[in-house]
Amino acid sequence: MPPIHTAARIAGVLTGLTRTLGGVAFAAPAAHADIPACTNMVKQTGVEVSDAVRMACNQGVHGDLRGCVSALTQAGTPGGAANGACRMAANPP
């Protein structure tokens, strides 16, 4: 009977380890998003980095590329640069 007890103990340890490691992976962000890269790209176009620009880049970080581009163009960022900046926010290099 001792082998059954040992096997149950090993199974319990492995289950606990799996849950712990799974929890760590779950808590970690899926990808590193980059607001500074977005705001730097906007700044390179000559547009002042305002709260509106930072909020737009934050939209890009959260996957709202359309909203990000729209907000950046309203803040004066040229369309192509706004698109690139929002993509940088969502998917940094």
Side-chain angles (χ1 to χ4, degrees):
M1 277 194 121
I4 294 172
H5 180 65
T6 303
R9 182 177 268 174
I10 291 171
V13 169
L14 290 175
T15 300
L17 183 61
T18 301
R19 286 183 181 167
T20 300
L21 293 176
V24 169
F26 229 5
H32 174 70
D34 202 344
I35 291 176
C38 176
T39 57
N40 286 338
M41 188 173 275
V42 170
K43 189 175 184 178
Q44 288 174 0
T45 68
V47 174
E48 181 182 337
V49 177
S50 62
D51 286 340
V53 168
R54 281 187 278 279
M55 287 174 44
C57 288
N58 191 43
Q59 284 180 284
V61 165
H62 289 94
D64 181 6
L65 294 179
R66 270 189 156 165
C68 176
V69 171
S70 176
L72 285 181
T73 54
Q74 286 178 5
T77 308
N83 191 4
C86 292
R87 290 192 183 283
M88 288 291 289
N91 302 307

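All residue numbers in this chain count up from 1 along the given sequence. Basis for what follows: all heavy atoms, side chains included, without hydrogens, waters or symmetry-related copies.
The structure places CG of Asp34 at 15.5 Å from CZ of Arg87, a figure rounded to the nearest 0.5 Å. With rounding to the nearest 0.5 Å, the separation of CG in Asn83 from CE in Met88 is 12.5 Å.
At least one donor-acceptor pair under 3.5 Å links the side chain of Asn40 to the backbone N or O of Pro36. Side chain of Thr73 to backbone of Val69: a donor-acceptor contact under 3.5 angstrom is found.
Arg66 pairs by the salt bridge (Lys or Arg N to Asp or Glu O under 4.0 Å) definition with nothing, not counting sequence neighbours.
Applying the side chain to side chain contact (heavy atoms under 4.5 Å, CB included) test between Gln59 and each of Leu65, Asp64, Leu72 identifies Asp64 as the sole match.
For Gly60 against Ala90, the heavy-atom pair with the smallest separation is O-CB, 3.3 Å. Of all heavy-atom pairs spanning Ala75 and Val53, the tightest one is CB-CG2, 4.0 Å.
Side chain to side chain, Arg54 and Asn58 fail the donor-acceptor criterion of an N or O pair below 3.5 Å.
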Given the rule in the disulfide (SG to SG under 2.5 Å) test, do Cys57 and Cys86 qualify, once you have shown the distances and angles that lead to the verdict? CA-CA 6 Å; Cys57 288; Cys86 292; over 6 Å; no
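Inter-residue side-chain proximity for Val49 and Lys43 is flagged as met; some heavy-atom pair is nearer than 4.5 Å.
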